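Whatever order the structure lists them in is the order used to number ligands and atoms, beginning at 1. What you see is a predicted model, and the numbers here were worked out from it, not measured in a lab.
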Amino acid sequence: QAKEAGRNSFRFFEAALDAGSMRSLTLESAIGEALERREFSLVYQPLIDTRSQAPLAVEALLRWHSPRHGSIPPDHFIPLLEENGRIGDVARWALREALRQVRTLQEAGHPRLRLAFNLSGRQFRDPGLVQDIRAALDDTGFDPRLLDLELTEHTLTDNPEAAAAALRALRQLGVRLSLDDFGTGYSSIALLAHFPLHSLKIDRSFIQHMERDQQAAIIVRSSAGLARNLGLEVIAEGVENLAQLALLQELGCHLIQGQVLARPLAADELGRALAPA
Ligand code: C2E
Ligand code: MG
Ligand code: MG
Ligand code: MG
């Protein structure tokens with residue numbers, strides 16, 4: 001009898017959850033252990049100088065492979081880590097891993113290779129951030145001038161005054177700062193000039209549509225012009241074909257990142273790809 005009731009109440013519980021929320025509940029519990037189970041890894045996507053064609057930087061991109069759920073994209077699992085409060089632990093691990101791996105590449109003959117590393121909103125607001133980054137730089141012997149921290153517009157425009165102060169503190173470390181996914185938020189020209197940034201990355205949604213969509217083309221053109229006039233390095237992300245590449249070169253983009261040139265690679269693959277022929 002008890003068994004029967006148990007089964008019924010389970011069925012009732014299951015019916016109350018749709019398949020989607022059931023899946024995210026189990027994902028949430030799986031990700032709680034993912035760091036300890038070594039299920040995270042990093043891949044690196046080269047950023048290529050449009051003039052010299054040389055890879056100047058690589059962006060570290062986090063990957064989660066769960067034995068139970070397969071590969072989950074970061075746009076999906078980073079918000080879960082932000083909610084369950086584990087983003088700090090994962091990010092501290094990821095930064096050290098990336099600094100170590102890129103330092104190895106620098107020592108193997110690419111001494112000026114930059115590392116671009118994404119900071120989430122919650123990480124950016126963590127009062128221990130500057131100290132964590134300083135310790136990671138010191139422990140790995142990584143030149144701070146070769147670390148490029150990427151922040152999204154959403155992260156910075158949430159509280160622009162606090163953000164500007166936090167950016168100044170980060171700059172004291174000697175690192176570079178980039179505005180990622182530019183065009184998807186609401187930053188004004190005044191705000192852009194106010195933030196102590198080095199680079200601006202035009203969001204891939206505009207790059208992808210700029211050949212056919214006049215509006216997207218205007219946004220790419222004016223963002224590139226604005227960034228150049230503010231003295232910022234201009235980066236285009238998500239560049240998928242040669243027509244986009246040519247157009248972006250013409251617009252004066254300094255760096256190009258996208259499938260047309262290189263997909264994200266594991267550290268050892270990257271080492272082979274970068275090795276002089
Ligand atoms: P993002 O920082 O804007 O990273 C660029 C994204 O564009 C990456 O997606 C990359 O794989 C993708 N991409 C590159 N080239 C192309 C292309 O030619 N076409 C298309 N369609 N996509 C391209 P990914 O790896 O899925 O990462 C998505 C987002 O997740 C990142 O966007 C970033 O916001 C976040 N993320 C990834 N790794 C980390 C991390 O370690 N920490 C934090 N806080 N966020 C991360
Ligand atoms: Mg990024
Ligand atoms: Mg981006
Ligand atoms: Mg993004």
Side-chain angles (χ1 to χ4, degrees), residues 31 34-35 39-48 55 57-65 71-99 101-102 114-126 129 132-133 136 147-156 176-185 187 197-211 216 220 223 227 233-245 248 253 255-267 270:
I31 205 168
L35 184 63
E39 292 168 5
F40 291 113
S41 61
L42 288 169
V43 290
Y44 299 89
Q45 187 174 33
L47 281 73
I48 314 285
V58 292
E59 180 174 9
L61 296 163
L62 195 56
R63 295 291 178 259
W64 177 29
H65 186 83
S71 291
I72 317 289
D75 283 330
H76 193 154
F77 71 75
I78 298 221
L80 294 179
L81 290 172
E82 291 236 306
E83 281 160 34
N84 74 7
R86 296 231 58 198
I87 188 75
D89 292 335
V90 174
R92 272 184 292 275
W93 167 80
L95 180 62
R96 279 167 189 270
E97 177 87 350
L99 291 172
Q101 291 184 325
V102 173
R114 274 157 50 182
L115 166 65
F117 187 85
N118 293 286
L119 292 183
S120 74
R122 184 157 174 170
Q123 257 176 285
F124 182 62
R125 289 187 295 274
D126 181 340
L129 178 71
D132 284 346
I133 295 175
L147 176 62
D148 202 327
L149 299 174
E150 295 192 356
L151 297 134
T152 67
E153 250 184 311
H154 297 285
T155 297
L156 298 185
R176 300 173 57 90
L177 300 170
S178 296
L179 187 57
D180 202 352
D181 301 350
F182 181 71
T184 60
S187 48
L197 299 166
H198 295 82
S199 317
L200 189 146
K201 290 185 94 165
I202 304 171
D203 190 68
R204 69 172 192 255
S205 58
F206 304 111
I207 309 292
Q208 263 155 14
H209 296 119
M210 72 180 178
E211 297 155 272
V220 172
S223 305
E233 179 184 63
V234 189
I235 306 173
E237 65 176 9
V239 185
E240 291 183 347
N241 61 49
L242 293 170
Q244 292 165 353
L245 181 65
L248 291 163
C253 275
L255 291 175
I256 298 285
Q257 178 180 5
Q259 281 164 20
V260 68
L261 295 173
R263 289 171 184 276
L265 300 167
L270 179 67

Answer with yes or no whether K201 contacts ligand 1, where contact means a heavy atom under 4.0 Å from a ligand atom. no
How long is the span from the CE atom in M210 to the CD1 atom in I202, to the nearest 0.5 Å? 8.5 Å
Test your reading of the model: is there a side-chain donor-acceptor pair from Q257 to the backbone of L47, 3.5 Å cut-off? no
Per-atom contacts, ligand 1 versus Q208 - under 4.0 Å to a heavy atom: 19 (N), 20 (C), 21 (N)
Close-contact set for ligand 1 against E237 heavy atoms, below 4.0 Å: 3 (O), 5 (C)
Which segment of R122 sits under 4.0 Å of ligand 1 when only heavy atoms are counted: neither
S120 and ligand 1 - part of the residue with a heavy-atom distance under 4.0 Å: both
Given the options R92, R96, Q123, D132 meets side chain to side chain contact (heavy atoms under 4.5 Å, CB included) only with R92
Which segment of V239 sits under 4.0 Å of ligand 1 when only heavy atoms are counted: backbone
Which heavy atom of L42 sits nearest to which heavy atom of E97, and what is that distance? CD1-CG, 3.7 Å
Taking 2.8 Å as the cut-off, does D180 contribute an N, O or S atom near the Mg ion (ligand 2), distance below it? yes
Test side-chain hydrogen bond (donor to acceptor under 3.5 Å, both in side chains) applied to S71 and R63, step by step: CA-CA 8 Å; S71 291; R63 295 291 178 259; over 6 Å; no
What do you reckon, does Q259 have a nitrogen or oxygen under 3.5 Å from a nitrogen or oxygen of ligand 1? yes
For atom 7 (O) of ligand 1, tell me which residue out of R263, E240, R204, Q45 has the closest non-hydrogen atom. R204
Numbering as shown, the atoms of ligand 1 that approach Q123 to under 4.0 Å (heavy-atom distance): 44 (N)
Given P74, A60, G121, G238, identify the one with the heavy atom nearest to atom 16 (C) of ligand 1. G238
Of all N/O/S atoms in D181, which lies nearest to the Mg ion (ligand 3)? OD1
With a 4.5 Å cut-off on side-chain heavy atoms, are L245 and I256 touching? yes
Going by heavy atoms in the side chains, are V234 and L248 under 4.5 Å from each other? no
Salt-bridge contact R204-E240 (side-chain N to carboxylate O under 4.0 Å): no
Do D148 and F117 have side chains that get closer than 4.5 Å, going by heavy atoms? no
T152 backbone or side-chain N/O/S under 2.8 Å from the Mg ion (ligand 2): no
What N/O/S atom of E59 gets nearest to the Mg ion (ligand 2)? OE2
For the Mg ion (ligand 2), the closest N/O/S atom belonging to E150: OE1
Taking N, O or S atoms only and a limit of 2.8 Å, check whether D203 reaches the Mg ion (ligand 3). no
Region of L119 engaging ligand 1 - heavy atom pairs below 4.0 Å: backbone
For ligand 1, find out whether one of its N or O atoms is nearer than 3.5 Å to an N or O atom of L62. yes
F40-F77 aromatic ring centre distance below 6.0 Å: yes
Nearest neighbour of atom 28 (C) of ligand 1 from the list I78, N241, D75, L95, on a heavy-atom basis: D75
Return yes when Q257 approaches ligand 1 closer than 4.0 angstrom through a heavy atom, no otherwise. no
Quick check: do W64 and L62 have side-chain heavy atoms less than 4.5 Å from each other? no
When you compare the side chains of N118 and E59, does any donor N or O come within less than 3.5 Å of an acceptor on the partner? yes
